[in-house]
*Asks:* 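For reference, the structure I am asking about is given below.
Letters go in sequence order (proteins before strands), and every chain restarts at 1. Small disclaimer: the values here were computed from a predicted structure and weren't measured.
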Amino acid sequence: MASKANRDNLQEVEDSTDWLNTPLAPLAAVESALRCQVCTEFYTTPMITSCSHTFCSLCIRRCLSIDGKCPGCRAPDQELKLRSNWPLEEAVDAFKKARSGLLEHARKPVIIGRSSPKRKLDCVQENEADDGPRKRTRSSSKRTATASQQTVVVDSEQEDEDYIPNDGLVACPICNGRMTEMAIDRHIDQCNGIPPATSDSRSKPRASATFSTSSKTFSKPERLPHLSYSMFKDNNLRKKLSELGISANGPRQLLEKRHLEWVSIWNANCDSKNPRTKFELKQELDKWERTQGSAWVASNSHKPGSQLLDKEFDGLAWSSAHDDSFKELIAKARRKPPTGSIAPPESQSPRNAVSDDAIVEATPPRTTDYQMGGYSAPTTTLSSTSAEQLSGDLVAGLKNHDLPSRGPATADSIANMGDVAIRKSNMASARPLQP
Amino acid sequence: MAFASKRLAKELHKIHGSLPPGIELVQAEGFDEWLLDIKVLDANPLYMNQTYRLKFKFSSSYPIVFLIEPPEVTFLNLPDRPIPMHPHIYSNGIICLDLLGQQGWSPVQNVESICMSLQSMLTGNTKNERPEGDEGFVKHNRKRPRDIDFYYHDNTV
């Protein structure tokens, strides 16, 4: 079980399971539907993919820049095809606002029976601390119940769209702006969705908010294109990074990673309803650099020549895994072939010996009858049976290698084995490791 | 908190809270290695009354774990926790399942979903056998499971 410190840490993590063990347990499903499956946070600037999955803008951009596939269904997709999912964002924002109050409300009756005294204390403190008008917990409404006038104020401050103030005015059906009945007809004719400015700050409906963001889009920065890094020489790439205003230090691969991350951060910010400043974005990149970038460098720098290999390649394990099989192969090669059974290689090609099972056996098959030199192998003695055995040996060897698809080492060892082996073993090796 | 550990913290929180039937948390100290027990719930005679121990290993050197890299998941062999018999599970506990490989992995997977996938993989199995070449593989493999190039050919699982 988790240590105490660990558990305290976990208490701070907001999660959909917070709703379980409360009377509002079904809200757990609501909340998990409002969370991104990649980062498990509430959606930040949700974007919808061509396959109709939704993720945070930054999450999906990172994923697509890594493998170009939707994390939900593995369908190929492109960043260009992402579209904003505004209604979901509104739903998330609304839920986030309601969450703490709701949760507090939901936990109340349960806490008395089950929860630890510490939690109880916390909740009481919370209640007293933020006794703001938005919180409508039982306790706060009880407390305000004595002052009935205050309760009215609490209600009118709610962000309740259905709320109709008793001010003798009527609301425009288009923009929700309030005006006198006399003015409304003329207003409707020319209503553009923006309510006329009033002194009442509360009657600022959502329409104005969306308008202000749409006007912001004009000043929004351009999205950055992805680069095909192979087209850039080191210096050009460094220049490109400095042009973008981000650090151009470090090894080549880090530069590419950094640029990729910056493009993701930048473009995600372009999607956002409330874009952050470049300074804030740079701070985010710094954070990435400290946590992931540096760790990445640390994990790669100790491997010389790692730029040639898959970044996941485990070099040490590779050499230790193949140590045995190399020794085995060397030992086999050193065993002297019996004299007299060697025929000139041009008499019959080893390839035929393998492919043609009808070959007449000149001598009894001997498994050790071949040389590792490959091309000067004793071909006539290599009957179909011994060829089978030979390839069987090789298959066993290849098993040690698992599949020879990755490293340079197996390629070499195969070359040593000669043509015969490769042909047959390639066919054979396709099997043993496939479960 | 870095992205990965934050995500793991959430998963841990969730796992402490609730797990689907047949899955139990055994140990989760920190964010390196977790142990979970799984059971097959239906009456599959191969796995009746058995509990299997799963080890999840999260790589620490790659904090981007979960975004691009699956955790390492293997069955543990303990006195009361055998390795389940399955044509895709080697007798040393290594599991051949595409979603645990680099290619099949997707960041939407999580510890819970992996456990459930394995549960259903066992539930659907009727063959009381090990993968082809099990003996040789178990004897010779010294690689980390993630470095093994499995070839996923069986789409029936």
*Asks:* Flag yes if more than 12 heavy atoms outside B:E24 fall under 6.0 Å of its CD atom; otherwise flag no.
*Replies:* no
*Asks:* Heavy atoms only: give me the nearest B:S106-A:G72 pair and the separation to one decimal.
*Replies:* OG-N, 4.3 Å
*Asks:* Please determine whether the number of non-hydrogen atoms from other residues, nucleotides or ligands lying under 6.0 Å from atom CD of B:E135 exceeds 12.
*Replies:* no
*Asks:* Looking at A:K96, I want to see if its NZ is surrounded by more than 12 non-hydrogen atoms of other residues, nucleotides or ligands under 6.0 Å.
*Replies:* yes
*Asks:* Is the closest side-chain heavy-atom distance between B:K14 and A:S16 below 4.5 Å?
*Replies:* yes
*Asks:* Rounded to the nearest 0.5 Å, what separation is found between the CZ atom of A:R74 and the CH2 atom of B:W105?
*Replies:* 10.0 Å
*Asks:* Does atom NZ (A:K69) have a neighbourhood of more than 12 heavy atoms from anything else shown, all under 6.0 Å?
*Replies:* yes
*Asks:* For the pair B:H13 and A:D18, evaluate side chain to side chain contact (heavy atoms under 4.5 Å, CB included) and give the outcome as yes or no after the intermediate values.
*Replies:* CA-CA 9 Å; B:H13 186 60; A:D18 291 348; 3.3 Å; yes
